[in-house]
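As structure tokens, the structure follows; a few thoughts come after it.
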Amino acid sequence: MENEVLDAELVLPNYLSFKRVQMYDKYPKGQSRGRHWKHLKQIIQAENYQNYPPDEPNYVNIESPPSMHPCKRICDITGYEAPYYDPKTNLRYANTDVFKTIRSLPNDYVQRYLSMRNAAVVLK
């Protein structure tokens, strides 16, 4: 009878699948629970970038072909995404408050904003 009991213990698993796994069983002492993210410095040290061809983009030379997506239009005053632009001044704006501010700006200020965006145009 005892031999049958010993054989049965070998067949049963250590834990049952329908029971919750305790945290100390899942993560033994010294192991972290979260995912470890590597910093850029750690990635560069781990990889041997001297062996890569120079024209292949990687973390050291971040040069890639231009994006196929159109660039986002940014408000010249606030820096938010700008769905509108003023046809009189060619400045981009995000909302009506900024539009009122743009219309009240003197011409030399408008020229400065346009030159910051590299869209300097002489306005009449």
Spacing of [X] atom [atom1] and [Y] atom [atom2] [to the nearest 0.5 Å]:
X	Y	atom1	atom2	value
Ile102	Thr96	CD1	OG1	11.0 Å
Asn95	Thr78	CG	OG1	6.5 Å
Leu105	Gln111	CG	CD	11.5 Å
Leu114	Leu91	CG	CG	4.5 Å

- [ ] Return each pair, listed once, that meets ring-ring contact (aromatic ring centres under 6.0 Å, His included) where at least one residue sits in residues 89-114; pairs must be two or more places apart or across chains.
- [x] Tyr84-Tyr93, Tyr93-Phe99
Task: All side chain to side chain donor-acceptor pair (under 3.5 Å) counterparts of Arg73, not counting sequence neighbours - done: none
Task: Residue pair Asp76 / Met116, side-chain heavy-atom distance below 4.5 Å - done: no
Open item on the list: Can a donor-acceptor pair be found, under 3.5 Å and without considering hydrogens, that links the side chain of Ser104 to the backbone of Thr101?
Closed with: yes
- [ ] Not counting sequence neighbours, which residues clear side-chain contact (heavy atoms from CB on, under 4.5 Å) with Lys72? List them please.
- [x] Ile74, Glu81
Task: Results of salt bridge (Lys or Arg N to Asp or Glu O under 4.0 Å) for Asp86 - residues two or more places apart only - done: Arg103
TODO: Could you pull out all residues at least two apart from Tyr80 that satisfy ring pair (Phe, Tyr, Trp, His ring centres under 6.0 Å)?
DONE: none
TODO: Heavy atoms only: give me the nearest Cys75-Ala82 pair and the separation to one decimal.
DONE: N-CB, 3.4 Å
